[in-house]
Visitor: 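Pasting a structure here, questions to come.
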Amino acid sequence: MPEASFVQQTVRRVDLVLIGVVLLVAAGLGGSSLVGVQQHGVIQLAAMPLLLWLALRKRPVPWSRAAGAVLVLLAALAAYAAIQAIAGIPGIRWADGSPRALVEAAQPLLGLNQPAVGISLAPGESIGAMLALMAPLAVFVAVATARWSQTVEGVCWIVVALGAVSAGLGLGQLFSGADSPLYLYGRSALPLGLFSNPNHQASFLVMALPVSLALLLEKRQDVGSSDGQIGLFILAAAVFLLLVVGIIAAGSIAGYAMLAGVIPLCILLSLPSKVRGGAGVAVTMLLGALVLGGAATVMAGLNPTLGWAETDNPAARAEVWRQSLVIARDHFPFGVGFGAFEYVYPLYETEGMISSRYMNAAHNEYLQVLVELGAVGVVLLAGALALWAWVSVQAWRAKGNDEGRMRRAASIASLVVILHSIVDYPLHAPFYAIVAAALAGILCLPPRHARQAAGRRPAAASDRRIDL
């Protein structure tokens with residue numbers, strides 16, 4: 001029946017529509033790490049329908065082991081953050097003069113009789129940081145359990161389209177000057193696109209580049225089958241070129257450094273499987289890209305030509321990193337609390353360190369995890385990096401079809417996040433984090449043969465929900 005078929009097809013596209021809504025809302029409101037409570041609230045509200053839909057609908061694709069491992073890591077993070085927000089640390093004597101010791105000493109003077117200072121020195125911010133994980137989690141789950149042809153490919157097109165919008169907006173900002181009304185967050189002499197930071201703009205465009213290349217290669221194979229496919233090929237080529245121009249125009253030294261690791265992998269991605277070689281070649285290239293890109297990114301972050309990277313500047317990355325290590329040492333092994341860095345760092349600033357710059361992050365995601373989550377954060381971070389390495393190797397060993405190519409592109413895009421996190425805080429921008437979650441979902445998709453095998457097994461009782 002045509003009507004039933006139309007309804008069924010419409011229902012099957014609900015995933016893509018709801019994911020697209022979250023991405024679009026985040027693109028408009030979440031390009032800065034300093035977005036306010038209202039912007040965060042709107043993004044989280046935009047994710048609520050997707051979360052509700054995920055709770056009701058049957059999974060079109062079974063969980064992969066990688067996706068399950070991601071959920072375990074996120075659950076452990078949320079559990080420890082909750083413990084930090086509500087639990088105290090009785091029986092521990094903190095070093096004299098440390099922030100915790102000062103707070104504990106002040107309690108009797110204020111008439112407080114609390115048994116111990118909580119693990120998190122900013123419990124409200126810890127809860128807020130937990131809530132901020134909701135939208136990326138929803139998008140990850142939706143992508144990691146979605147059909148390829150009906151959802152995942154559409155998500156890829158949305159990501160590269162938003163990359164093209166950000167690149168085009170950045171070019172418009174560049175040509176219209178520092179006072180351009182096109183800037184979404186303040187003013188700058190550099191193109192910021194949808195972001196508040198030129199490094200985040202460049203990193204996002206570099207992240208979208210391999211995805212755009214994978215779509216371009218896919219449509220190149222379909223050229224000649226129809227006029228529509230030719231049009232899609234031309235569109236993919238135009239978007240790819242726009243992303244390249246946007247990266248160059250961003251003027252971000254860190255962005256150029258990340259390209260050092262990405263370009264060889266993009267070349268490898270475009271080669272036929274026979275020319276590309278076996279999994280050993282891919283693993284070697286991934287490792288080389290990680291080392292080369294990481295070294296180049298660190299050098300870029302410490303480059304004295306940057307306005308605040310000078311070694312005698314109290315806001316220089318090297319100085320912030322040194323001070324963050326002091327904070328991590330003083331609060332090890334429990335950490336200062338998830339999301340509490342910006343409230344603890346000023347407690348360690350001396351008169352000579354105070355400047356006009358507001359230090360809201362450690363400018364190193366790994367170091368900030370150590371400061372905020374302590375030993376638990378180190379374990380979770382090591383698990384996440386090991387998981388990325390495992391799924392990336394599996395992606396490069398997969399067959400050279402469109403799905404395998406896109407999973408390899410997602411591994412390259414994830415590498416960009418890993419590299420940029422060494423010298424900056426990209427995942428603190430909600431839009432960037434949600435796009436990264438979508439690409440992680442693609443990387444964690446089970447191969448086609450595993451999905452087909454699972455589809456032949458009887459459905460579990462928990463999966464008999466809305467049949468798609």
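Keep in mind the model is a prediction, meaning the values are calculated, not measured.
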Visitor: How close do Ile127 and Ala85 get, heavy atom to heavy atom, and via which atoms?
Guide: CG1-CB, 4.1 Å

Visitor: Side chains of His428 and Gln368: donor-acceptor distance under 3.5 Å anywhere?
Guide: yes

Visitor: Hey, are the side chains of Pro426 and Glu365 touching, using non-hydrogen atoms and a 4.5 Å cut-off?
Guide: yes

Visitor: Is it true that a side-chain atom of Gln173 and a backbone atom of Leu192 form a donor plus acceptor pair closer than 3.5 Å?
Guide: yes

Visitor: Do any N or O atoms from the side chain of Ser166 and from the backbone of Leu162 form a donor-acceptor pair under 3.5 angstrom?
Guide: no

Visitor: Phe195 and Phe431: aromatic ring centres closer than 6.0 Å?
Guide: yes

Visitor: Which distance, rounded to the nearest 0.5 Å, do you find between the CZ of Arg408 and the OG of Ser270?
Guide: 11.0 Å

Visitor: Is any side-chain heavy atom of Ile418 closer than 4.5 Å to a side-chain heavy atom of Leu385?
Guide: yes

Visitor: Supply the atom-to-atom distance Leu182 CG to Ser176 OG, rounded to the nearest 0.5 angstrom.
Guide: 4.5 Å

Visitor: Assess whether side-chain contact (heavy atoms from CB on, under 4.5 Å) is satisfied between Leu373 and Leu77, documenting all intermediate values.
Guide: CA-CA 9 Å; Leu373 299 175; Leu77 169 60; 3.4 Å; yes

Visitor: For a quick test of reading the model, state the closest non-hydrogen atom pair linking Ala144 to Leu445 and the distance between them.
Guide: O-CD2, 3.5 Å

Visitor: Determine whether the side chains of Tyr366 and Ser421 contain a donor N or O and an acceptor N or O closer than 3.5 Å.
Guide: no

Visitor: Between CG of Leu217 and CZ of Phe240, what distance do you get to the nearest 0.5 Å?
Guide: 8.5 Å

Visitor: Is any side-chain heavy atom of Met134 closer than 4.5 Å to a side-chain heavy atom of Met48?
Guide: yes

Visitor: With sequence neighbours left out, what residues match Glu153 under salt bridge (Lys or Arg N to Asp or Glu O under 4.0 Å)?
Guide: Lys219

Visitor: With side-chain contact (heavy atoms from CB on, under 4.5 Å) as the test, would you mind laying out the steps for Leu18 and Val22 before giving the verdict?
Guide: CA-CA 6 Å; Leu18 295 179; Val22 177; 5.9 Å; no

Visitor: State the OG-CG distance between Ser32 and Asn197, to the nearest 0.5 angstrom.
Guide: 8.5 Å

Visitor: Distance-only, no hydrogens or angles: does the Glu372 side chain make a donor-acceptor pair with backbone N or O of Gly339 under 3.5 Å?
Guide: yes

Visitor: Using the ring pair (Phe, Tyr, Trp, His ring centres under 6.0 Å) rule, collect all pairs that involve residues 153-189, keeping only residues at least two apart or in two chains.
Guide: none

Visitor: Considering only heavy atoms from C-beta outward, does the side chain of Val336 approach that of Ser120 to under 4.5 Å?
Guide: no

Visitor: Answer whether the closest heavy-atom distance between the side chains of Ser324 and Asn364 falls below 4.5 Å.
Guide: no

Visitor: May I ask you to test the Val141-Leu50 pair for a side-chain heavy-atom distance under 4.5 Å?
Guide: no

Visitor: Drop me the distance from Phe140's CZ to Ile19's CD1, to the nearest 0.5 angstrom.
Guide: 12.0 Å

Visitor: How far apart are the closest heavy atoms of Ile412 and Cys266, and which atoms are they?
Guide: CD1-N, 4.2 Å

Visitor: One pair to check against side-chain contact (heavy atoms from CB on, under 4.5 Å): Val211 and Met406. What are the steps and the verdict?
Guide: CA-CA 7 Å; Val211 181; Met406 190 56 67; 4.0 Å; yes

Visitor: Going by the ring-ring contact (aromatic ring centres under 6.0 Å, His included) test, name the single residue among Tyr425, Tyr345, Phe341 that passes it with His363.
Guide: Tyr425

Visitor: In Å and rounded to the nearest 0.5 Å, what is the CG to NE2 distance from Asp424 to His200?
Guide: 4.0 Å

Visitor: Do Gln84 side-chain atoms and Phe334 backbone N/O form a donor-acceptor pair below 3.5 Å?
Guide: yes

Visitor: At their closest point, which heavy atom of Tyr80 faces which heavy atom of Pro333, and how far apart are they?
Guide: OH-O, 4.2 Å

Visitor: Tell me, do Leu265 and Pro210 make a side-chain contact under 4.5 Å, heavy atoms counted?
Guide: no

Visitor: Please examine the side chains of Phe204 and Leu209, heavy atoms only from C-beta on, and report whether any two atoms are closer than 4.5 Å.
Guide: no

Visitor: According to the side chain to side chain donor-acceptor pair (under 3.5 Å) rule, which pairs have a member within residues 61-75, sequence neighbours left out?
Guide: none

Visitor: Start with the C-alpha distance between Phe338 and Val369, add both sets of side-chain angles, then the distance that settles side-chain contact (heavy atoms from CB on, under 4.5 Å), and finish with yes or no.
Guide: CA-CA 8 Å; Phe338 190 39; Val369 166; over 6 Å; no

Visitor: In terms of side-chain heavy atoms, does Glu125 have a donor or acceptor partner in Tyr343 at a distance below 3.5 Å?
Guide: yes

Visitor: What's the shortest heavy-atom distance between Val391 and Arg407, and which atoms?
Guide: O-NH2, 4.5 Å

Visitor: Please report the shortest heavy-atom distance between Ala66 and Leu387, naming the atom on each side.
Guide: O-CD2, 3.9 Å

